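Beneath this line is the structure, given in structure tokens, with notes to follow.
Naming: A, B, ... by sequence-line order, numbering from 1 per chain. Just so you know, these numbers come straight off a predicted model, no measurement behind them. Note that these values count all heavy atoms, side chains included, but never hydrogens, waters or copies made by symmetry.
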Amino acid sequence: MSITRKRATKKQRAIEILIRLKREYPNATCSLNYETPVQLLVATILSAQCTDERVNKVTPDLFSRFPDAAALAGADREELETLIRSTGFYRNKAKNIQGATDKIIREFGGKIPQQMEKILTLPGVARKTANVVLAHGFGIIEGVTVDTHVKRLSQRLGLTEHKDPVRIERDLMSLLPQPEWENWSIRLIYHGRAVCKARKPACAACGLVDLCPSAQA
DNA sequence: ATCCCGAGGG
DNA sequence: CCCTCTGGAT
């Protein structure tokens, strides 16, 4: 009777965690508001270091004024900055929104490419943003979205030892079946917001305590 | 490793 | 005051 038979593997633990989180957050989905893939891309760029709730406060005015890639690319930079200012990093975000939409117009015929390598050439877009747009905009599961919540919870749950989001993503891709990758991210984000908070995790209210090496008594 | 950057909570 | 929020580029 070996140790490995008694103790659950990381993979088994990951699956059990996902089962429980699906039960707890059955209808979890992307919480950004958008009408088109381009709007989803813009909302996701805006969501860097900012709550989705705040992004959803600026996008109604933003998308009303500049509804598509052409309008965004041609927008007055200062007006755009003013519209997105409250999301923080507004100069970088405005520059990236216009750089990305301009490239979509010029090089991709006005539509967001559905290949990971091509999306990654857009300014201000790395794997986190690309995974969100591919999964929720086009239904293509290319990787695991690793944001601040997915990173923190995956580390606390002992499923990765890495700090680099790309390495964390690789670890998670090896632990979970591909069709569940985005389900994993969405549930961890919900759980991170509601229970496993960065500052003061509510372990007493967490349904994963028996599976979590970081759980506090 | 550092910078970008506002808003809200403790 | 300090920390955190669906990061990415230099």
With the six-membered base ring of B:dC5 as reference, does the ring of A:F89 sit under 5.5 Å away with planes under 30° apart?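 The base of B:dC5 is not stacked with A:F89 (the test needs centres under 5.5 Å and planes under 30°).
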
Phosphate oxygens OP1/OP2 of [N]: is one of them under 4.0 Å from a side-chain N or O of [X]?
| X | N | answer |
| --- | --- | --- |
| A:R152 | C:dT4 | no |
| A:R54 | B:dG8 | yes |
| A:S86 | B:dA7 | no |
| A:T129 | C:dG8 | yes |

Please compare A:R199 and A:G88 by the position of their nearest nucleotide in DNA chain B and report the one closer to 5'.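 Nearest nucleotide further toward 5': that of A:G88.
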
May I ask you to say what [X] touches in the nucleic acid, namely base, sugar-phosphate or nothing, with a heavy-atom cut-off under 4.0 Å?
| X | result |
| --- | --- |
| A:R85 | sugar-phosphate |
| A:T148 | sugar-phosphate |
| A:V150 | nothing |

Of A:D147 and A:G124, whose closest DNA chain C nucleotide lies nearer the 5' terminus?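 Its nucleotide being nearer the 5' end, the pick is A:D147.
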
Toward the 5' end of DNA chain C, by each residue's nearest nucleotide, A:L32 or A:P123: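 Residue closer to the 5' terminus by nearest nucleotide: A:L32.
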
Do A:L40 and A:W181 sit in the same hydrophobic cluster, where Ile, Leu, Val, Met, Phe, Trp and Tyr count as joined when their side-chain heavy atoms come under 4.5 Å apart?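 No, A:L40 and A:W181 fall in different hydrophobic clusters.
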
Interatomic distance where [atom1] belongs to [X] and [atom2] belongs to [N] [whole Å]:
| X | N | atom1 | atom2 | value |
| --- | --- | --- | --- | --- |
| A:L120 | C:dG7 | CG | C1' | 13 Å |
| A:E81 | B:dC5 | CD | P | 8 Å |
| A:R193 | C:dC5 | CZ | C1' | 10 Å |
| A:Q49 | C:dC2 | CD | P | 18 Å |
| A:I97 | B:dC4 | CD1 | P | 19 Å |
| A:K93 | C:dA9 | NZ | P | 14 Å |
| A:K151 | C:dT4 | NZ | C1' | 13 Å |
| A:E53 | C:dT4 | CD | C1' | 14 Å |

Going by an N to O cut-off under 4.0 Å, is there a salt bridge joining [X] and [Y]?
| X | Y | result |
| --- | --- | --- |
| A:R20 | A:E16 | yes |
| A:D102 | A:R106 | yes |
| A:K22 | A:E180 | yes |

Before giving the answer on side-chain contact (heavy atoms from CB on, under 4.5 Å), spell out for A:L122 and A:K103 the whole-Å C-alpha distance, their side-chain angles and the decisive distance to 0.1 Å. CA-CA 7 Å; A:L122 299 173; A:K103 189 162 186 175; 4.0 Å; yes

Using the P atoms only, state how far B:dA7 lies from C:dG8, rounded to an integer number of Å.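 The answer is 22 Å between these two P atoms.
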
